[in-house]
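Along the sequence shown, residues are numbered consecutively beginning with 1. Everything quoted here is computed from the prediction, not taken from an experiment. Only this structure's heavy atoms are used, side chains among them; waters, hydrogens and symmetry mates stay out.
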Amino acid sequence: MDAGANRVGTAAWVLILLALAFRATAASDDPVLLIRMPDETALASDPSDADIARFVAERSPYVQMTAHDLMRDRAFARQVLGQRQIFEELAAFQAQEGITARVRFIAWPDAFRFFADYVSDKSNPPIVAQLGDTWAAYFRSLGVVAYERRHTWDVRVLWYWKDMVAAHEIAEGEGFLTACRRLHDAPLPGLVAPLAIPTAPDWNLLHDLSVWLYNAGLPALISTEKKFGLLPWKEAIFAGPEGERAVHFLIQLAKRGYVALPERRSVELAEDFLARKYAMVILGPWLTKLAEKALGPEWRTRIGATLPPRIGPAAAATMKGGSLLVVLDPTRGRNPEALGRARRLVDFFSSSESQRRYTEALGALPARAEALEASPYFDLFQTALEQGRTYPEIPEWAPVVENLATRDNLYAFWKRLSVLTDVHATATEAEQTARARLILAALHSAEVDINRELSPGRFALLRPWLLALGGLLLAVAALSLWHRQVERKRIEELRQTRDLLATLQRRLTATQDDTVSPRDSSQSATWAVKGYPALYLDATKRKVYLRRSPTHPLEEVIHGAEYDLFRHIIECLQAGWHETHWIWGYVIWPTAQPKFPKEAFATHCTKLRKKIETAWQLGPMLGRGARHSGVIPIEVKDTHFYTDAAPEGTASPIWRLFRASEQAMRAYQEGSWDEARRQIEEVLRVDPENWLGNALLCHMVLRDPAVAHNPMAQKAIAFAHQQKAHYEQAVKKLEALPQERIDAKQRERIQSRYEALQLIVSRLLLPESATPATRRQHPWRDRARLTAWVNYLDGANQALPDEEIKTLREIQRFLRHRLHWAPPSDVDEQFRSFLQDIAWDRANWPDERLPRSKRAFKGWALDYAVAGLYGLHDDAESKAITKAQNLRKLWSIRAQLRKELQQEPTFEQLLYACQRRYSWSQTLLERLLELERSRSLPLWDEH
């Protein structure tokens, strides 16, 4: 019993496996379906039922259509029965790949909707489809394009009879009108009109119009440039000034009877052109096969092709399009075997051999480069392919631009224009003007209908919400400004109150000190000790430590560049630590560190304030001020830096610095010179670079020159000389900045410090022993390396490391790129001369003047080359290389102004910009402009 059951189960499994194998084999044998539009020439007349039945029977291995499908539409059947080459290609594919493929033809007007419906059903298998290149973006957005290759190119060119017109006389709009006038006034036998444009209701209406729009200067029918540089934006722009220019040109042609606008299709119009009814037509490459059939192989001696006439400021252009072969996969990758077969069919049709055979039969332009260049008519269309413009690849093109509403508007446009050609002889000027307005209205209507579905239409739907959001933001901004004003007023009141309390406290402290005996004065504390946490300053290690309690060890909290910023804050607070003080703004901070760029300065100040308030729990601080002026204030409110903690090693409590500073100031003001000197030395032991301590000690030296022999005093004098250079630069910055950028108190404060330093420096010479050792900055490349570079360029047997050769070639490429207008050999020669001078001329290039970085080296080399190429020379006013530097600055300013103003800047605008950036005088600018004119300098592109 069990054995019988096992045999039955085994048999069932065998049957299931055989069924699956049979199904897989059947699936692998499914033919690849190709859906495309008929491209070859149609039959001369409608076929009969017998013709259709015979065609389907003969082509049954390769066609996926029934006789009934073709009998329903005789005009479409006439196109299908004219196809020949496609079946030969499918037979060749089957013989080469061993894969069966069938084709189903579909009319162009029905193709897009058919493909859209097909991919909407996920159960449909993958197919190979011929798509217009404007449709591909739509199907890519759906995610159903698994593979694609361009199949053919299509361009519009102006075909003309060589015995009627010449190519050179129709290249420009005026010449085109002249040629049309000549043909119209003295027509040849059988000539209906100089020019003909087909107006049958199909999508050639858009293609024929785009040719004239492009030649009127329109860059694209649909603009895809971002709004404000940020917001994605798609908008039809063909009814703007360029569109009106194109329409006015067509209206001129129509009014004067130079153009015929028959409601015929392009193929029918081509036959009329070959019958010499028209001197010129704008059609595609397929005219070559018709011309060869009608006129014989020597047809090119009688007919020519060129770009349509240019009627705007831009170069001549034309419409460029074509078709693609794509694999549409509604399953989205769930049938990999079918996808593989479909891809092989696309690759076969994209091969050079297939493209050559197929496009020759159609008279089309193959997409593959080698097949295109081998085409017998490639030279006719080469310029059009190079200067042709494709439509923008946007998903909205097929459903929005190529819809019935747009076609109806364009049909109305061409029909209204054709009416103008019929009545131009009898209509009055007012009637013609009214009809011209109607023509423009049709173009504007097409643009409005398209934009209703693009970004402008979508924005119109969001506009009420955006207005409401804008109103809300304005209300929030107004509330914020009101709150900020109230807060500033409150801070000002607090500041005045604290200043008053501080003054009263100082007077009270002075009264208490008078009652304290001298023996206890050093032991008494002016203010109550608050304790911990305590901050320590270690000037030797350039660090700040925190001690949270007497039992906690020192904890490093600040080092590096932030140490300088913290010292900057402490320096601003120490001469009255319990009062209100503002730190320097970055704009005028004399010793600002390069590690703190302007945009990071406020961030670091805020971090320090938060550390003081939150992390170190030293009390609240205020940090508000005029950000537009670059001043980031930090004010003490209830912060306690004071403590009774003792020093530890080289680290001392900041309270010790504050206390010594306060007592030093008091003793100096009271004339207690010994006490003042003792407290000053205490300050400098804690912080040798302290501004207050060094400044007071210098004033002590001025009062008593005997103190100058003190080593600490000599260091203070050296410190003053060093600080004077920094403050001198700060004063220059202040003079260049507008008044509203700097607070008046800040300006007065830095000016008073600078005047104090001038007094100290003028009366106290810098001792030789106190002169700080100058840090020797090594040049980027020394003279030995530069000499090796010269020898290498001269071709000597000079071995250079690969890295040096790489660097040398990089600089040469940089100079050639920046001086692209000059011959490369001349640029290289100037660079070689620069290397010789800098390596061997020690008089003009001493060691301290050698470039210290690659960037500086490139700048000097560029200036040297500019001076040499422009023939600049040294004179009494300046050196040639300085002139080159100033000229490059001038060109940079001018290029920037051109970009901002969209026009050539005036002399006043140039002068204002140069004064703001480089502080140039009017005389210097006039000399540079005169130098430009006298030398006839070539144009310079400042990158």
Notebook entry, point to check: Relative to Trp161, does Arg276 satisfy both conditions: NZ or CZ under 6.0 angstrom from the six-membered ring centre, and within 45 degrees of the ring's axis?
Noted result: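 Ring-cation test returns yes.
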Item checked: pair Val419-Leu438: side-chain heavy atoms closer than 4.5 Å ->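 Answer no - side chains too far apart.
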Go through the structure and list residues passing side-chain hydrogen bond (donor to acceptor under 3.5 Å, both in side chains) with [X], not counting sequence neighbours.
{"X": "Arg300", "value": "Asp379"}
{"X": "Thr224", "value": "none"}
{"X": "His207", "value": "Tyr391"}
{"X": "Arg332", "value": "none"}

Notebook entry, point to check: Any idea how Phe249 and Phe176 line up, ring-wise: parallel (<30°), tilted (30 to 60°), or perpendicular (>60°)?
Noted result: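 Judged by the thresholds at 30° and 60°, the geometry between Phe249 and Phe176 is tilted.
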Item checked: Closest non-hydrogen atom pair between Leu283 and Ser266, with its separation ->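 Scanning both residues, the minimum pair turns out to be CD2-CB, 4.0 Å.
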Note to self: Show the nearest heavy-atom pair for residues Gln130 and Met37, with the distance to one decimal.
What the structure shows: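 Looking at all heavy atoms of both residues, the closest pair is OE1-N, 3.0 Å.
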Contacts of [X] that satisfy salt bridge (charged side-chain N to carboxylate O under 4.0 Å, His left out) - sequence neighbours left out:
{"X": "Asp202", "answer": "Arg265"}
{"X": "Glu292", "answer": "Lys289"}
{"X": "Glu174", "answer": "none"}
{"X": "Lys320", "answer": "none"}

Notebook entry, point to check: With sequence neighbours excluded, what pairs up with Glu271 under the side-chain contact (heavy atoms from CB on, under 4.5 Å) test?
Noted result: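 Counting only residues at least two positions away or on another chain, Glu271 forms a side-chain contact (heavy atoms from CB on, under 4.5 Å) with Val267.
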I'd like to know if the side chain of [X] reaches the main chain of [Y], judged simply by a donor and an acceptor atom lying under 3.5 Å from each other, with no hydrogens or angles considered.
{"X": "Gln902", "Y": "Lys899", "value": "yes"}
{"X": "Asp69", "Y": "Thr66", "value": "yes"}
{"X": "Arg310", "Y": "Leu307", "value": "no"}

Notebook entry, point to check: Between Arg113 and Asp110, is the closest basic N to carboxylate O distance under 4.0 Å?
Noted result: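 No, this pair does not count.
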Under 3.5 Å, is there a donor-acceptor pair between the [X] and [Y] side chains?
{"X": "Asn215", "Y": "Arg245", "result": "no"}
{"X": "Glu402", "Y": "Thr134", "result": "yes"}
{"X": "Tyr138", "Y": "Arg140", "result": "no"}

Which atom pairs, one a donor and one an acceptor, fall under 3.5 Å between side chains of residues 407-414 and the rest of the protein, sequence neighbours left out?
unit_1	atom_1	unit_2	atom_2	d
Asn409	OD1	Ser445	OG	3.1
Asn409	ND2	Ala405	O	3.1
Asn409	ND2	Asp449	OD2	2.8
Tyr411	OH	Glu263	OE1	2.9
Tyr411	OH	Glu263	OE2	3.0
Trp414	NE1	Leu205	O	3.3

Check: Got a sec, which residues hit ring-ring contact (aromatic ring centres under 6.0 Å, His included) with Trp135, two or more places apart in sequence or on another chain?
Finding: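 In terms of ring-ring contact (aromatic ring centres under 6.0 Å, His included), with neighbours along the sequence ignored, Trp135 is linked to Trp108, Phe112.
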Notebook entry, point to check: What residues, two or more places apart in sequence or in another chain, satisfy ring-ring contact (aromatic ring centres under 6.0 Å, His included) together with Phe55?
Noted result: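 Applying ring-ring contact (aromatic ring centres under 6.0 Å, His included) to Phe55 gives Phe87.
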